[in-house]
Amino acid sequence: MNIIYDFGGEFMSTKIISKEEVFSSFTKRNEDTHKYDFGRALLIVGSEYMTGAAVFAAKGCISSGIGLCEVLTPAASHRIIASHVCEPIYTVINKNDLRNQYQKIKKSIKKADVIVIGCGCGANEYTDFLLNAVLENSKVPVIIDADGINCLARNIDLLKQKNCEVILTPHSGEMSRLTHLSSEYINCNREKVAVEFSKTYGVTVVLKGHNTVISYADDVYVNPTGNSGMATGGSGDLLCGIMAARIAHCYSLKDAINSSVYIHGMCGDISAKRYSMISTTPSTMLECLPEIYLSIESAL
């Protein structure tokens, strides 16, 4: 199903993501494989007071089949995160000595097939420094979320130095900070705002909310899955983890992003049916993720 929108005289077809498209973006795993066949994700996530964001991003990535997950996080949050998720490798950063650790950070960036930055990092000089390092050095897709977006909003010209695909995953409040438009205006003009920002800065915009809008500048999609029970802290972090793994697996960036958003919404829908929308949390959504992948594997 396509909906035609007029963007200032330029007409664009907005497509609805379908279950068939999402399922067809998966391929059956070969028998003879190893972890590096399924990608390496670098998650620059977490801080002393926001460890949950890092946990949900890491668990979403691991549960979505990433071959190797590296979590880069400050020393103050490392032990807490590691106590909840043991599968990643950890790179621990001293926030008070960033410049002397630049080469260590750069090494992690160079090894990655996909990077997530921002989940629970805090909108501060630490995140500013890391965002600069990522956009200067990455040649692979970078997902910028949460405090990564808030830091970017203070210095939007950082996007001019990128040498990689950039995916932004804002909610309407974060989009307001990026564009200086009101949240009310954005909520009434979601496709228009996403497309204009995507075209202006050469990035992919995943504007989260009811019927999440995904703009690739030359193409726009709307996601039909999900519900208001997903409007809870940690839900977006889970999406970033899922998306990182899918980007590492897919030949097509559009297939990876579209399938991630659709599957994330499916997690919310299954959780709402099983536990209610009121009781839906990132933890209950995460519980539903293997069930979705099992149904996809069964259809291959």
Side-chain angles (χ1 to χ4, degrees), residues 1 3 14-23 45 50-64 84-85 116 118-120 143 145-147 149 167-176 182-191 193-194 205-214 220-246 257-296 298-299:
M1 178 181 175
I3 302 171
T14 298
K15 307 172 185 69
I16 309 298
I17 303 171
S18 71
K19 182 178 179 180
E20 292 72 26
E21 291 173 61
V22 170
F23 277 44
V45 291
M50 290 183 283
T51 54
V55 170
F56 287 121
K59 286 189 173 184
C61 189
I62 291 160
S63 295
S64 296
H84 288 279
V85 54
V116 174
C119 306
I143 303 164
D145 184 54
D147 287 322
I149 293 173
I167 303 100
L168 303 179
T169 58
H171 53 58
S172 60
E174 290 160 348
M175 198 70 199
S176 176
S182 70
S183 294
E184 292 76 17
Y185 178 85
I186 291 168
N187 286 330
C188 292
N189 300 274
R190 288 165 56 74
E191 288 85 358
V193 171
V205 175
V206 179
L207 183 53
K208 297 181 292 191
H210 177 60
N211 296 136
T212 290
V213 174
I214 308 168
V220 192
Y221 292 82
V222 172
N223 180 54
T225 63
N227 60 79
S228 59
M230 298 167 66
T232 183
S235 179
D237 307 308
L238 180 62
L239 172 61
C240 285
I242 295 170
M243 192 178 293
R246 291 298 297 140
I257 296 170
N258 288 359
S259 62
S260 302
V261 173
Y262 189 96
I263 288 166
H264 181 251
M266 286 181 72
C267 289
D269 289 339
I270 295 171
S271 174
K273 289 178 182 176
R274 191 170 294 168
Y275 302 107
S276 80
M277 280 193 282
I278 291 172
S279 295
T280 287
T281 67
S283 294
T284 62
M285 291 167 62
L286 187 63
E287 287 176 18
C288 302
L289 194 53
E291 181 179 330
I292 295 167
Y293 289 134
L294 182 59
S295 68
I296 292 171
S298 300

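Ser260 and Arg246 share no donor-acceptor pair across their side chains, judged by distance under 3.5 Å alone. Between the side chains of Asn211 and Asn223, no donor N or O sits under 3.5 Å from an acceptor N or O. Judged by distance alone, the side chains of His264 and Thr225 never bring a donor and an acceptor atom under 3.5 Å apart. For the residue pair Tyr293 / Ser64, a side-chain donor-acceptor distance below 3.5 Å is found, with atom types taken as modelled.
No more than 12 heavy atoms of other residues, nucleotides or ligands sit less than 6.0 Å from atom CD1 of Ile278.
Side-chain atoms of Ser172 do not come within 3.5 Å of backbone N or O of Ser183 as any donor-acceptor pair. Judged by distance alone, with hydrogens and angles left aside, the side-chain atoms of Ser298 form a donor-acceptor pair with the main-chain N or O of Leu294 at under 3.5 Å. Put simply, the side chain of Arg190 gets close to the backbone of Leu207: a donor and an acceptor are under 3.5 Å apart. Between the side chain of Thr284 and the backbone N or O of Thr281 there is at least one donor-acceptor pair closer than 3.5 Å. Within the 3.5 Å criterion, the main-chain N or O of Cys288 finds no donor-acceptor partner in the side chain of Glu291. A distance-only check finds a donor-acceptor pair linking the side chain of Thr212 to the backbone of Gly209 [under 3.5 Å]. No donor-acceptor pair closer than 3.5 Å links the side chain of Asp147 to the backbone N or O of Gly120. With hydrogens and angles ignored, the 3.5 Å screen pairs a side-chain donor or acceptor of Lys208 with a backbone N or O of Thr169.
For the pairing with Val22, the side-chain contact (heavy atoms from CB on, under 4.5 Å) check across Val261, Ile263, Ile292 returns one residue only, Ile263. The side-chain contact (heavy atoms from CB on, under 4.5 Å) test with Cys119 singles out one residue from Leu239, Leu238, Val45, Ile143, and that residue is Val45. Val220 pairs in a side-chain contact (heavy atoms from CB on, under 4.5 Å) with only one of the listed residues (Ile214, Val213, Val205), which is Val213.
In this structure Lys273 satisfies the side chain to side chain contact (heavy atoms under 4.5 Å, CB included) test with no other residue, sequence neighbours excluded.
Look at Glu287 and Lys59 and you find no salt bridge, because none of the NZ, NE, NH1 or NH2 atoms lies under 4.0 Å from a carboxylate O.
Considering all non-hydrogen atoms of both residues, Thr280 and Ala272 come closest at OG1-N, 3.4 Å.
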